[in-house]
Amino acid sequence: MSLQTSTLNHMMKTSLREGQLNDARVYFDNNPTYRDVVSWNMMISGYVKSNQIHIARQLFDEMPERDIVSWNTLLLGLQKDKDQESTYQLYLQLQSSGLRPTSYTFSIVVSSVLGTVFNVLVPQFHAKIVSLGHHTSVYVGSALMRGYTDLGDHSALYCVFDDIVNKDMSLWNALILGYMELGLTDEAQKAFNRMPKKDVVSWTTLVDGYLKNNEVERARYIFDEMDEKNVVSWTAMITGYVGTDKCLDAIELFIQMMRLGPRPNQHTFASVLAACAKHSELLTGQQVHASLLKHGINIDIVLATAFVTMYAKCGDIEAAYCIFKEMPGKNLVSWNSILGCHARHGRGRAALDDFEKMINSGLQPNHITFINVLSACAHAGLVEEGERIFGCMGKTYGIQPEKEHYACMVDLYGKAGNLDKAKSLIECMPFEPDIVVWGALLGACGLHSDFEFGSNAANELHNLEKNHPAAYVLLSKIFGERGVWNSLTDLKQIMESKHMKKQKSGSWIG
DNA sequence: CTAGGGTTAG
């Protein structure tokens, strides 16, 4: 290596460390004769880190010779870009290039298949990794462990873990996470107890694991035992409460966090807004909004969508639509949220208009999009429009109607008074009707006081789930109108036991 | 010059 090359690389390294990608590029461009493979790799890495994968790829293609770091860096870029197709293609090209893949290579390539259909390749990667002797790497190991967790293979999960001699904390944490995701809470707890050293991530993984397995009490007990809690630990606990419908506990914990915990972040606010939305706590939601502004938290797309959902579910449609309109970038979830808002408030036309706008913006709808649009049509009595959407969802958008979509159509026909059409749709649908479907028909029967259809639907519902509240409510309406009360003596009791707590009032955010 | 762990919206 000439002196000039080492100077060039030093200058580039300094610029990159300061985040000055363009400065590094100027040094690189001005010294074509002194560049070596490391100079090229540094530039590729710089573009990968700033998510400019196209430029990284361009440099990779242009460079006169590539070493394994060049390949690994571009693989990392493609993985970060979630382009698993190209990642795998590049890995195949690497195989025929004659260069030997390293443990870096496998940790990247295995990570790229996680959560995709290519996850089935994990055992083959594993075999290859063992044959090349890379199975002792903690980086490769943690990627493989996540892969086997997704495949539901707990013994392979442990084998990979066991193969690694120098286990670090991340690897132990991956084992706990894997067991928790597979529902093996006892194994997870045992692993936690066996760990030589634990950090806040280990504790949080355990707490979150119990929450995901619906063991809320145990999660809270461990949460209280933690002596080092950070924003992630608090947020995990709050999110866990929301997920198990303990919204008031979630809000209470959030208040406690504001008083004596770490500063909440976007994740925290998104969760507590979800709690407000679920529990229709408009006042609390507004206070959260105010305190978020006070904390100077940046409202990103996720948080803005959480606000739209919260305001929509709490009935403040104006606020919901206002935030939605002002959002700079709207993604699928944002659109689904506003479509759900229209649906809840019976604004069928608005839903159809926004659905069209969403399609025109180039987004691909998913099954939730159609649930929201169809239920908006049902609420607004737009039978023909609903039929048209239902008909095209599979043909035009490749989304096959699921039970929920049929339930929307049953609701649509039912509300419009066309009980025959609703019934024949139930008969020809490719699923066994469930609670939701029968419930929709029952609702329509209640609306139109149809005793015959109604008792049939109620019977079906009763067979599927005893004491379903919807059945009681609607039967009371039908039977009540006909003066048939004797079978409903315990109705009032049931309703009282489901009584919701009243919303607290007053400000609690200082 | 390249790699891994826990928390967000429908």
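Computed over heavy atoms, backbone and side chain alike; hydrogens, waters and symmetry mates excluded. Lettering of chains follows the sequences in order, A, B, ..., and the numbering in each one begins at 1.
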* Pairs satisfying side-chain hydrogen bond (donor to acceptor under 3.5 Å, both in side chains), at least one member in residues 315-329 of chain A, at least two apart -> A:Y321-A:D354

* Closest to the A:H267 side chain: B:dG10, B:dT2, B:dT7? -> B:dT7

* Which part of the nucleic acid does A:V140 contact within heavy-atom distance under 4.0 Å: base, sugar-phosphate only, or nothing? -> nothing

* To do: Output all residues satisfying ring pair (Phe, Tyr, Trp, His ring centres under 6.0 Å) with A:H134, sequence neighbours left out; order by chain, then residue number.
  => A:F106

* To do: Could you check which of B:dG4, B:dT7, B:dA3 has an atom nearest any side-chain atom of A:R146?
  => B:dG4

* To do: Could you tell me whether A:R146 and A:D150 have a side-chain N and a carboxylate O separated by less than 4.0 Å?
  => no

* **Sugar-phosphate only, base, or nothing, as touched by A:S334 at under 4.0 Å among non-hydrogen atoms** => nothing

* In residues 220-232 of chain A, which ones come under 4.0 Å of DNA chain B, going by heavy atoms? -> A:N230, A:V232

* Asked: Can you check the A:R35 CZ to B:dC1 C1' distance for me, whole Å?
  -> 15 Å

* Tell me, please, which residues at least two apart from A:H135 pass side-chain contact (heavy atoms from CB on, under 4.5 Å). => A:I129, A:V130, A:D163

* Asked: Does any pair with a residue in residues 7-19 of chain A pass salt bridge (charged side-chain N to carboxylate O under 4.0 Å, His left out), and if so which ones, sequence neighbours excluded?
  -> none

* Structure fact -> From the candidates B:dG4, B:dC1, B:dG6, the one with an atom nearest any side-chain atom of A:M42 is B:dC1

* Check: A:F223 ring centroid to A:W203 ring centroid under 6.0 Å -> no

* Asked: Near DNA chain B, which residues from residues 350-376 of chain A have a heavy atom under 4.0 Å away?
  -> A:N366, A:I368

* To do: Name every residue in residues 205-215 of chain A that has at least one heavy atom under 4.0 Å from any atom of DNA chain B, in order of residue number, or write none if there are no such residues.
  => A:T205, A:D208, A:K212

* Asked: Ring centroid separation for A:H126 and A:Y148, is it under 6.0 angstrom?
  -> yes

* State whether A:K49 places a side-chain N or O below 4.0 Å from either non-bridging phosphate oxygen (OP1 or OP2) of B:dT2. => yes

* Round to a whole Å and report the spacing from CD1 of A:I108 to P of B:dG4. => 8 Å

* Asked: Partners of A:H154 by ring pair (Phe, Tyr, Trp, His ring centres under 6.0 Å), sequence neighbours excluded?
  -> none

* To do: Just jot down the ring pair (Phe, Tyr, Trp, His ring centres under 6.0 Å) partners of A:Y34, sequence neighbours excluded, or say none.
  => none

* Asked: Looking at residues at least two apart in the chain, or sitting in another chain, which of them share a side-chain contact (heavy atoms from CB on, under 4.5 Å) with A:N366?
  -> A:L332, A:N336, A:I368, A:T369

* Asked: Looking across every strand, which nucleic acid part, if any, lies under 4.0 Å from A:T73 by heavy atom: base, sugar-phosphate, or nothing?
  -> sugar-phosphate

* **Partners meeting side-chain contact (heavy atoms from CB on, under 4.5 Å) with A:L121 (sequence neighbours left out)** => A:Y88, A:F118, A:Q124, A:F125

* Testing A:Y406, A:Y397, A:W335 for ring pair (Phe, Tyr, Trp, His ring centres under 6.0 Å) with A:F370, which one passes? -> A:Y397

* Side chains of A:L75 and A:Q79: closer than 4.5 Å at any heavy-atom pair? -> no

* Given the rule that a pair is Watson-Crick or G-U wobble with both distances under 3.5 Å, how would you write DNA chain B in dot-bracket, using | for pairs to a different strand? -> ..........

